[in-house]
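Accompanying notes for the structure given below.
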Amino acid sequence: MDVDWGAEVVDQIEAHWQERLRPRLEGLTDEEYFWEPVADCWTVSRRGHSSAPISFGAGEFTMDYAEPPYEREPVTTIAWRIAHLIGGLASTNAKQFGRTAVTEQTFCYAGTAEEALRQLDAEYRMWIDGVRRMGTAGLAEPQGEPPAFAHAPMAKKMLYENVELIHHGAEICLLRDLYLRIGVGSGVGSS
């Protein structure tokens, strides 16, 4: 049996994106986007207002960060999780699919939920279209970088992006559920 692995990689994430993740992001408000379910969350904040050890970003808003090891893994906001997804996709798009070069340090992060979703949609579309064009033959080509994975197939890198979208997308959806049930959106708790 011949398997079109390129189509399988695309179909896996497209089904998740179209049927599970993206519909759950509709109607995301700025209040949800920035909601901190516990104290000292990592988030996206106006330049100069972060309490994190490091802030990434070239624009008015920056993304919190710190080098591991941490005393504790930080809890992150929906804003941070979406920014993380956008940054990863944008970086891959720049290296593989012709996007203007960008890194987490040089990206301009969104200050509103609406803008973040526009960024996410644009980066996702460029990425999935690029993976689709690669096909099975392109996914079998070596990554070339980073050095630890230079000889690994591109499929490994693209499947990692799938994992990131599924993993962090599920966390975003859970944070939305919590916001609506126990957070500010329910009137029960606050941060």
**Report entry** Criterion side-chain contact (heavy atoms from CB on, under 4.5 Å) on Gln96 and Gln143, from CA distance to verdict
**Finding:** CA-CA 9 Å; Gln96 302 299 325; Gln143 288 183 33; over 6 Å; no
Report task. Starting from the C-alpha separation in whole Å, work towards a yes-or-no answer on side-chain contact (heavy atoms from CB on, under 4.5 Å) for Trp127 and Ile13. Result -> CA-CA 11 Å; Trp127 177 78; Ile13 201 59; 3.8 Å; yes
**Report entry** Residues Glu161, Tyr124; criterion side-chain contact (heavy atoms from CB on, under 4.5 Å); working and verdict
**Finding:** CA-CA 10 Å; Glu161 291 291 345; Tyr124 173 79; over 6 Å; no
Query raised in the report: Step by step, would you call Arg81 with Thr76 a side-chain hydrogen bond (donor to acceptor under 3.5 Å, both in side chains)?
Result: CA-CA 7 Å; Arg81 297 244 176 241; Thr76 59; 2.8 Å; yes
Report task. In sequence, state the C-alpha distance, the side-chain angles, and the governing distance for Glu14 and Arg22, and then conclude on salt bridge (Lys or Arg N to Asp or Glu O under 4.0 Å). Result -> CA-CA 10 Å; Glu14 274 283 85; Arg22 192 56 183 89; over 6 Å; no
Requested in this report: Run the numbers on Thr92 and Met158 for side-chain contact (heavy atoms from CB on, under 4.5 Å), then give the verdict.
Outcome: CA-CA 9 Å; Thr92 298; Met158 298 309 147; 4.0 Å; yes
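Nearest approach of Met63 to Ala83, heavy atoms of both residues: SD-CB, 3.8 Å. Taking every heavy atom of both residues into account, Pro53 and Ala66 meet most closely at CG-CB, 3.6 Å. Nearest heavy-atom pair across Gly111 and Tyr33 is C-CE2, 4.3 Å. When every heavy atom of Cys173 is checked against every heavy atom of Leu21, the shortest pair comes out as SG-CD1, 4.0 Å. Scanning both residues, Thr43 and Ala79, for their nearest heavy atoms gives OG1-CB, 4.0 Å. When every heavy atom of Glu104 is checked against every heavy atom of Phe56, the shortest pair comes out as O-CB, 3.3 Å.
With rounding to the nearest 0.5 Å, the separation of CZ in Arg118 from CD1 in Ile86 is 11.0 Å. Rounding to the nearest 0.5 angstrom, the gap separating the NZ atom in Lys157 from the NZ atom in Lys95 is 5.0 Å. With values rounded to the nearest 0.5 angstrom, Thr62 atom OG1 is found 6.0 Å from Arg47 atom CZ. Rounding to the nearest 0.5 Å places CG of Leu117 at 8.5 Å from OG1 of Thr112. Distance check: Leu25 CG to Glu32 CD gives 10.0 Å after rounding to the nearest 0.5 Å. In this structure, CD on Glu123 lies 4.0 Å from CZ on Arg99, to the nearest 0.5 angstrom.
Using bins of under 30°, 30° to 60° and over 60° for the plane-to-plane angle, the ring pair His84/His168 lands in the perpendicular bin.
Glu171 and His167 form a side-chain donor-acceptor contact under 3.5 Å, judged by distance and modelled atom types alone. For Asp4 and Thr136, the side-chain atoms include at least one donor-acceptor pair closer than 3.5 Å.
Under the 4.5 Å side-chain heavy-atom criterion for Ile, Leu, Val, Met, Phe, Trp and Tyr, Val9 and Tyr160 are members of distinct hydrophobic clusters.
For the side chain to side chain donor-acceptor pair (under 3.5 Å) test, residues two or more places apart in sequence or in another chain that qualify with Ser50 are Ser55, Asp64. Residues satisfying the side chain to side chain donor-acceptor pair (under 3.5 Å) test with Asp40, not counting sequence neighbours, are none. Looking at residues two or more places apart in sequence or on another chain, you find a ring pair (Phe, Tyr, Trp, His ring centres under 6.0 Å) between Tyr109 and Phe107. For the side chain to side chain donor-acceptor pair (under 3.5 Å) test, residues two or more places apart in sequence or in another chain that qualify with Asp177 are Arg24.
For Glu114, the CD atom sits in a loose shell: 12 or fewer heavy atoms of surrounding residues, nucleotides or ligands are nearer than 6.0 Å. Within a 6.0 Å sphere centred on CZ of Phe149, heavy atoms belonging to other residues, nucleotides or ligands number 12 at most.
Side chains of Val75 and Trp80 form no contact here, defined as non-hydrogen atoms less than 4.5 Å apart. Taking the side chain as every heavy atom from C-beta outward, Leu89 and Leu165 approach each other to under 4.5 Å. Side-chain contact between Leu28 and Ile82 is present, with heavy atoms from C-beta onward closer than 4.5 Å.
The hydrophobic cluster containing Trp5 also includes Met1, Val3, under a criterion of side-chain heavy atoms closer than 4.5 Å among ILVMFWY residues, counted directly or through chains of members. Here Val163 is tied to no hydrophobic group at all, with no ILVMFWY side chain closer than 4.5 Å.
Remark: the backbone N or O of Phe97 is not paired with any side-chain donor or acceptor of Arg133 at under 3.5 angstrom. Not one N or O on the side chain of Ser91 forms a donor-acceptor pair closer than 3.5 Å with the backbone of Thr103.
In summary, Glu26 and Arg176 do not engage in a salt bridge, as defined by a charged side-chain N under 4.0 Å from a carboxylate O.
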